[in-house]
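Accompanying notes for the structure given below.
The model shown is predicted, which means the values in this text are computed figures rather than measured ones. Labels below follow one simple rule: chain letters A, B, ... track the order of the sequence lines, proteins then strands, and each chain is numbered from 1.
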Amino acid sequence: MHWADVIAYRFDRDVEQVIATGITPSGPIHIGNMREVLTADAVYRAAKDLGVKARFIYIADDFDPLRKVYPFLPDHYEKYVGMPLSEIPCPCGGHRSYADHYLSSFLQSLKELGIKPEVYRASELYIKGKYRDLICISLENSGRIKKIMEEVSGRALPKDWLPFNIKCENCGRLTSSKALLYEYPLIEYECDCGYQGEIDIRKGGVGKLPWRVDWPARWKLFGVTFEPFGKDHAAAGGSWDTGKRISKEIFNYPPPMHVVYEFIQLKGKGAMHSSKGTAVSAEEMLRMTPPEVLRFLIMKNKPSKHIDFDPGIGILDLVDEYDKEERMYFGEEEAERRIKDLKRTYELSQPYEIPDKLPIQVPYRHLVTVVQITRKWEEIKKILIRNGQIPEELDKRDEERLKKRVENVLYWLDRFAPEKVKFEVKEELPKISITEDQLNALKVLENILANIEWTPENLHDAIYKCAERSGTNAKDIFSAVYLIILGQKHGPRLGYFLALLGKDFVMNRLREAIKYSTS
RNA sequence: GGGCUUGUAGCUCAGCCAGGUAGAGCAAUCGGCUCUUAACCGAUAGGUCGAGGGUUCGAAUCCCUCCAAGCCCGCCA
């Protein structure tokens with residue numbers, strides 16, 4: 001059984017389930033963060049498929065303070081460190097706030113992936129006073145909460161610690177105030193900026209609960225029954241350990257069911273950190289991979305498995321694997337036993353509806369070659385039709401899908417592809433020097449090519465026929481052909497490649513090269 | 001130090017959560033027009049399932065111990 005179904009089976013069917021996720025929009029949201037939402041979405045879908053009533057909520061932690069000036073931020077953001085993300089200006093100026101800047105691109109990605117949670121902003125929840133009762137309970141129980149934190153995490157908290165981060169009314173920071181005196185409903189405080197004042201905790205937005213208290217408070221607030229979280233929170237003494245006790249003992253709420261997911265590593269570079277520039281954002285990922293393939297990556301791996309994500313050549317393998325699974329799903333290819341939960345994984349990988357028939361597939365690797373011959377969709381379509389890879393009449397959905405993939409491949413080529421898969425068809429005969437032998441071979445080749453049917457196999461065979469007749473090494477002939485077309489010694493598989501370029505182009509180029517080299 | 005995960009063919013992994021005679025791809029070997037690029041086809045071979053113990057009629061699968069690796073333990077998923 002698929003892991004998402006295994007989890008869903010454990011739900012109490014008589015109770016509406018509330019599946020929650022939360023991510024802090026403090027920078028570009030990367031594909032590692034995406035795993036959390038995708039995991040939740042899979043469980044949500046599985047629950048609904050079982051007939052369990054369920055809600056799916058996403059809470060943006062936009063009331064969290066900015067921790068530091070990340071490398072992708074201008075230096076003058078120093079002055080915003082400590083302020084809630086929702087109250088810091090947008091880096092590009094186009095959004096309501098810093099948080100919204102990153103949030104909007106993330107929400108757009110969710111849409112593409114077919115994930116539709118109810119979206120809440122922590123800043124609004126705080127400002128509207130939704131947390132009021134929970135804040136009161138927390139402050140009333142400061143001593144007990146402190147004790148739990150110290151017992152579970154083993155670290156000592158300051159004597160006068162309160163489970164509340166005050167937002168200084170003067171400088172707007174959440175991180176620099178110290179409570180002097182708490183007497184319901186007022187907290188007197190002093191801030192590093194020199195300001196002294198008092199806040200009324202009954203008013204919204206005057207501060208926030210620290211993470212370890214905020215989390216369980218949120219479970220209570222929304223009635224959360226299930227939540228996936230990363231292994232960092234699951235470490236012994238971590239926020240899950242404190243959270244479940246605070247939830248039970250302070251808020252009198254049973255901690256939700258959960259699943260711990262592993263991190264996604266960037267192949268060869270370790271964990272992703274936006275702050276270290278080793279992250280691939282969700283948005284970028286979706287520009288180079290179809291959404292169903294990104295979902296597939298998450299769905300085919302149990303949450304407990306590490307995922308090594310390779311944005312280089314590995315992306316081609318991933319798409320190929322997806323396509324293969326798709327063929328097996330539609331019975332076009334014999335299903336391999338080793339592929340676990342094939343059907344379910346495929347279904348859960350679909351952002352929206354499941355296709356009713358096998359979509360037209362063009363191997364991704366092949367597209368990598370085609371788009372480098374021409375970047376224009378209409379031209380690409382012509383080439384694919386001419387080579388019999390797609391029918392002349394494409395159904396609209398297939399056309400959209402293919403077109404989208406072409407865009408993905410182009411983005412990938414420009415940003416992530418290794419140099420060795422790249423080439424450029426020169427519009428003019430490049431200035432190259434070939435040997436006497438190669439020239440002779442090209443003459444023979446021209447002769448052979450003029451009289452064959454223009455198919456990949458024939459073209460490939462022609463090279464060897466040519467090698468035989470001209471007495472030139474086949475390798476040198478390959479090189480010569482690449483040279484006159486690409487200006488380099490290597491290129492994509494030659495038979496297919498020449499077939500794609502078309503007879504007219506190839507014959508003209510051959511004649512030109514012969515003429516030029518002879519003169 | 002604590003937590004979690006992983007350890008199955010030379011390599012990458014599936015199978016484990018519902019115990020019932022070990023699976024795939026790549027690599028290798030052999031063969032098929034001298035068939036280049038992480039892109040041909042067919043066949044063959046290849047594993048005491050990390051080690052030890054336990055439960056069971058039966059264990060890769062469940063339980064315990066140990067060994068090794070990876071990651072996480074400053075509110076970074």
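Salt bridge status for E151(A) with K147(A): present, with a side-chain N to carboxylate O gap under 4.0 Å.
Checked by atom type and distance alone, the side chain of E446(A) never pairs as donor or acceptor with a backbone atom of L510(A) at under 3.5 Å. Put simply, the side chain of Q438(A) gets close to the backbone of T435(A): a donor and an acceptor are under 3.5 Å apart.
Taking atom CD of E36(A) as the reference point, atom C1' of C76(B) lies 13 Å away to the nearest angstrom. In this structure, L318(A) atom CG and C13(B) atom P are separated by 14 Å, rounded to whole Å. Atom P of nucleotide C76(B) and atom CG of L66(A) are separated by 14 Å, given to the nearest angstrom. Atom P of nucleotide C75(B) and atom CG of L157(A) are separated by 11 Å, given to the nearest angstrom. Note: NZ (K302(A)) to C1' (C4(B)) measures 14 Å, nearest angstrom. As rounded to whole Å, 11 Å separates atom C1' of C75(B) from atom CZ of R218(A). Between the C1' atom of C76(B) and the CH2 atom of W215(A) lies a distance of 14 Å, rounded to the nearest Å. If you measure from atom NE2 of H366(A) to atom C1' of A38(B), you get 17 Å, rounded to the nearest angstrom.
The two residues V481(A) and L445(A) come nearest to each other via the heavy atoms CG2-CD2, 3.8 Å. Closest heavy-atom contact between S86(A) and S97(A): O-CB, 3.3 Å.
Between A60(B) and G20(B), the distance separating the two P atoms is 10 Å to the nearest Å. Nucleotides C49(B) and A22(B) place their C1' atoms 8 Å apart, quoted to the nearest Å. Between C66(B) and A28(B), the distance separating the two C1' atoms is 35 Å to the nearest Å. Atom P of G1(B) sits at a distance of 33 Å from the matching atom of U48(B), rounded to the whole Å. Rounded to a whole angstrom, the distance from the P atom of A45(B) to that of G10(B) is 16 Å. Nucleotides A9(B) and G54(B) are separated by 29 Å at their C1' atoms, to the nearest Å. Nucleotides G25(B) and A14(B) place their C1' atoms 10 Å apart, quoted to the nearest Å. Rounded to whole Å, the separation between the P atoms of G42(B) and C26(B) comes to 10 Å.
Evaluation of the side-chain contact (heavy atoms from CB on, under 4.5 Å) rule for S104(A) yields H95(A) as partners, not counting sequence neighbours. The side chain to side chain donor-acceptor pair (under 3.5 Å) search around D414(A) returns R375(A), not counting sequence neighbours.
D476(A) comes within 4.0 angstrom of nothing in the nucleic acid, heavy atoms only. The residue V6(A) sits close to a base: some heavy atom pair falls under 4.0 Å.
Note on K305(A): every side-chain N or O is 4.0 Å or more away from OP1 and OP2 of C13(B).
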Donor-acceptor pairs under 3.5 angstrom involving side-chain atoms of residues 224-236 of chain A: please list them, not counting sequence neighbours.
residue: T225(A); atom: OG1; partner: Q17(A); partner atom: OE1; Å: 2.8
residue: T225(A); atom: OG1; partner: V18(A); partner atom: N; Å: 2.8
residue: T225(A); atom: OG1; partner: V18(A); partner atom: O; Å: 3.2
residue: E227(A); atom: OE1; partner: W215(A); partner atom: NE1; Å: 3.4
residue: E227(A); atom: OE1; partner: W219(A); partner atom: NE1; Å: 3.1
residue: E227(A); atom: OE2; partner: W215(A); partner atom: NE1; Å: 3.0
residue: K231(A); atom: NZ; partner: E262(A); partner atom: OE1; Å: 3.4
residue: K231(A); atom: NZ; partner: E262(A); partner atom: OE2; Å: 2.6
residue: H233(A); atom: ND1; partner: S239(A); partner atom: OG; Å: 2.9

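No side-chain donor-acceptor contact under 3.5 Å links Y58(A) and D41(A).
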Is there a ring pair (Phe, Tyr, Trp, His ring centres under 6.0 Å) between F222(A) and Y120(A) once you walk through the steps? CA-CA 11 Å; F222(A) 284 95; Y120(A) 295 92; 4.8 Å; yes

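Two residues are said to be in side-chain contact when any heavy atoms from C-beta on lie closer than 4.5 Å; W3(A) and P303(A) meet this criterion.
Proximity of residues 229-245 of chain A to RNA chain B (heavy atom under 4.0 angstrom from any strand atom) is restricted to G230(A), K231(A), D232(A), H233(A), A234(A), A235(A), A236(A).
With distances taken from any side-chain atom of H306(A) to the nucleotides G70(B), U6(B), C72(B), the minimum falls on G70(B).
Positionally, the nearest nucleotide of RNA chain B for T369(A) lies more toward the 5' end than for the other of T369(A) and I23(A).
The aromatic rings of F423(A) and F497(A) sit perpendicular to each other, their planes meeting at more than 60°, with 30° as the lower class boundary. The aromatic rings of Y464(A) and F478(A) lie perpendicular to each other, with more than 60° between the two planes, well past the 30° mark.
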Between the protein and nucleotides 32-36 of chain B, which nitrogen or oxygen pairs are less than 3.5 angstrom apart?
residue: C35(B); atom: O4'; partner: Y464(A); partner atom: OH; Å: 2.9
residue: C35(B); atom: O2; partner: H460(A); partner atom: NE2; Å: 3.3
residue: U36(B); atom: N3; partner: Y482(A); partner atom: OH; Å: 3.3
residue: U36(B); atom: O4; partner: L494(A); partner atom: N; Å: 2.9

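Paired regions of RNA chain B, where each region holds three or more successive Watson-Crick or G-U pairs whose two hydrogen-bonding distances fall under 3.5 Å, are B:1-7 with B:67-73, B:10-13 with B:23-26, B:28-32 with B:40-44, B:50-54 with B:62-66.
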